[in-house]
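Here's the structure we're looking at; comments come further down.
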Amino acid sequence: MLKSGTALYERLSETIDDFMVLDYTGVGSIGMIYAALQKHQPGSMCMAAAEMIVGQVAERPGPVLIATGFPEGGGVPETDGPVGAAFIARSIFLGLSRETVIVVDEDWREMMFATCRGAGLAPFDLPADGKIVPVPYLRPVYVATVPKDEAGSRKACDALLDQVQPSLLIAIERPGVNDRGLYHGLGGRPLDGMVADLDYLFARARVRGLRSIGIGDGGNELGMGVIAAELKQNIAKARDCGIEGRGGVAAETATDHLIVANVSNWGATGLVAALACLVENQAVFHEPELEVRCIEACVASGGVDGMFMGPEPATDGIAAEEWRGLIQVFRKTLQRHLGIVTNWQGQSGDWRQIRA
């Protein structure tokens, strides 16, 4: 395990977070969002989240619950969220030998199964009794579905917590209710009837003493309540969605720890990278080719890009092939920090690296 407080730990932690807040999409808000988060949660985002996962998995025997899925027009799910959820699941299994349960709306089951297969996982429906039996010689992930109506979704959420007994919860690119209990897209579009109330799942988990991590990129995602006040001060739609009586798009529910990134899937990549460094196992961080395959699998089974609003192999307007390059640079950068490089004498390590 990488030792906290060492020069290498600090360098890796800062480098990972630096990658998260580069404005690849050109939207222009991530700098402000990150600065707001630092006021409430100073220091590391991704490495601290990885440490929380390691600690909670060691303390509690249950699987990790990962909530995701954000609807675009007609309720079709976008690629941002499910792809990241699948890679978080993969990293937790490879790094910590712990199963995960990905929670999505009922009509997104097939998309989530395909996305998980694209990430190199074998998906199963969560058993009716919520009990997970380890599957030898396989990388499993479990998918639980929740109905969209309030009564049905709350009943399903209560059952998940009762039966699964999770170790912690993670939300990635999942709509979060505003201060009036309403869901919106980032531009102010109402999501009434399009999503299950998974804010309820996180609220009930908190009552049970379970920790949570949120990952978001715009401010309307579950978990971003940590910085709701700053979002309302700085983003017009966060204050007022443009429809009388509905309030703004800023999410009200806060998680115990928050990761913000230019794209939520990129935030998931930062968490995966941090976990790989923390447990000192680079196999935990997926190859760039797997990211491309996963995005394509998601789109082939119903996902759409959240900027193009069509079945394009992209996430938030960044094409899958561009993600390949970003992840390649990210992985190689961290490997160089870790000394995974051949020097001028043919030996492992970089003689120029600062050791102190």
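Below, all heavy atoms of this structure are taken into account, side chains as well, without hydrogens, waters or symmetry copies. Numbers here are sequence positions counted from 1.
Between the side chain of R239 and the backbone N or O of K232, at least one donor-acceptor pair lies under 3.5 Å. Between the side chain of H257 and the backbone N or O of M45, at least one donor-acceptor pair lies under 3.5 Å. Listed for the Q41 side chain is a donor-acceptor partner under 3.5 Å among the backbone atoms of L258. Of the possible donor and acceptor atoms, one in the side chain of D105 sits under 3.5 Å from a partner among the backbone N and O of A196. Within the 3.5 Å criterion, the main-chain N or O of G303 finds no donor-acceptor partner in the side chain of W108. Distance alone, capped at 3.5 Å, places no donor-acceptor pair between the Q335 side chain and the I340 backbone. Listed for the T68 side chain is no donor-acceptor partner under 3.5 Å among the backbone atoms of R174. Between the R180 side chain and the G245 main chain, a donor and an acceptor come within less than 3.5 Å of each other. Remark: the backbone N or O of L8 is not paired with any side-chain donor or acceptor of E10 at under 3.5 angstrom. Between the side chain of Q165 and the main chain of L161, a donor-acceptor pair closer than 3.5 Å is present.
Between the CZ atom of R117 and the SG atom of C298 there is a distance of 13.0 Å, given to the nearest 0.5 Å. For the atom pair CE of M307 and CG of D80, the computed distance is 12.5 Å after rounding to the nearest 0.5 Å. Atom OG of S167 is separated from atom CD1 of I53 by 9.0 Å, given to the nearest 0.5 angstrom. The CG atom of D162 sits 9.5 Å away from atom CZ of R204, with the distance rounded to the nearest 0.5 Å. Note: S4 OG to M47 CE = 9.0 Å, rounded to the nearest 0.5 Å. Rounded to the nearest 0.5 Å, atoms CG (N265) and CD1 (I172) are 5.0 Å apart.
The shortest side-chain heavy-atom distance between M52 and R211 falls under the 4.5 Å cut-off. The shortest side-chain heavy-atom distance between F87 and T269 does not fall under the 4.5 Å cut-off. Residues Q163 and D129 have side chains not in contact (no heavy-atom distance under 4.5 Å, counting atoms from C-beta outward). Between R60 and P166, every side-chain heavy-atom pair lies at or beyond the 4.5 Å cut-off. Using a 4.5 Å heavy-atom threshold, the side chains of M20 and F330 count as touching. Two residues are said to be in side-chain contact when any heavy atoms from C-beta on lie closer than 4.5 Å; L160 and L126 meet this criterion. Counting only heavy atoms from C-beta outward, the side chains of E99 and V135 never approach each other to under 4.5 Å. By the 4.5 Å heavy-atom criterion applied to side chains, V21 and N262 are not counted as neighbours.
Applying the side chain to side chain donor-acceptor pair (under 3.5 Å) test to residues at least two apart or on different chains, the pairs with a partner in residues 293-319 are T79-T315.
In plain terms, the two heavy atoms of T25 and V263 that are nearest each other are CG2-CG2, 3.6 Å. Shown here for L169 and F202, the closest heavy-atom pair between the two residues is CB-CE2, 3.7 Å. Heavy atoms only, all atoms of each residue included: L231 and A238 are closest at O-CB, 3.4 Å. In terms of heavy-atom proximity, L201 sits nearest to C157 at CB-SG, 3.6 Å. Closest of all the heavy-atom pairs between S264 and I215 is O-CG2, 3.5 Å. Across every non-hydrogen atom of G188 and V249, the tightest pair is CA-CG1, 3.8 Å.
Side-chain contact check for H286 and R90: no donor-acceptor pair (N or O, by modelled atom type) lies under 3.5 Å. Donor-acceptor pairing under 3.5 Å is lacking for the side chains of T145 and E106. Between the side chains of N220 and Y183, no donor-acceptor pair of N or O atoms lies under 3.5 Å.
Ring geometry for W266 against Y24 counts as perpendicular: the plane angle is over 60°, on a 0 to 90° scale with 30° as the lower cut.
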Verify side-chain hydrogen bond (donor to acceptor under 3.5 Å, both in side chains) between T253 and D199, making sure each step is shown before the conclusion.
CA-CA 7 Å; T253 299; D199 287 73; 2.5 Å; yes
Chi angles and distances behind the side-chain contact (heavy atoms from CB on, under 4.5 Å) call for V177, L182
CA-CA 5 Å; V177 292; L182 300 172; over 6 Å; no
Verify side-chain contact (heavy atoms from CB on, under 4.5 Å) between T100 and F93, making sure each step is shown before the conclusion.
CA-CA 8 Å; T100 53; F93 184 78; over 6 Å; no
Under the salt bridge (Lys or Arg N to Asp or Glu O under 4.0 Å) criterion, do D197 and K148 qualify, and how do the steps go?
CA-CA 7 Å; D197 181 11; K148 295 184 189 295; over 6 Å; no
With side-chain hydrogen bond (donor to acceptor under 3.5 Å, both in side chains) as the criterion, how do T255 and S212 come out once you've worked through the C-alpha distance, each side chain's angles and the decisive distance to 0.1 Å?
CA-CA 5 Å; T255 45; S212 60; 4.8 Å; no
Derivation of the side-chain contact (heavy atoms from CB on, under 4.5 Å) call for L334 and T15
CA-CA 8 Å; L334 296 179; T15 300; 4.2 Å; yes
Might you work through the side-chain contact (heavy atoms from CB on, under 4.5 Å) test for V54 and L275, ending with a clear yes or no?
CA-CA 8 Å; V54 170; L275 187 60; 3.8 Å; yes
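Between E289 and R324 there is a salt bridge, since at least one side-chain N of the basic residue sits less than 4.0 Å from a carboxylate O of the acidic one. A salt bridge is absent between R246 and D240; no separation between the charged side-chain nitrogens and carboxylate oxygens falls under 4.0 Å. Note on K155 versus D149: no salt bridge recorded, every NZ/NE/NH1/NH2 to OD/OE distance being 4.0 Å or above.
Geometrically, R331 engages F285 in a cation-pi contact defined by less than 6.0 Å to the ring centre and at most 45° from the axis. Remark: R109 qualifies as a cation-pi partner of F113 under the 6.0 Å distance and 45° angle criteria applied to the six-membered ring.
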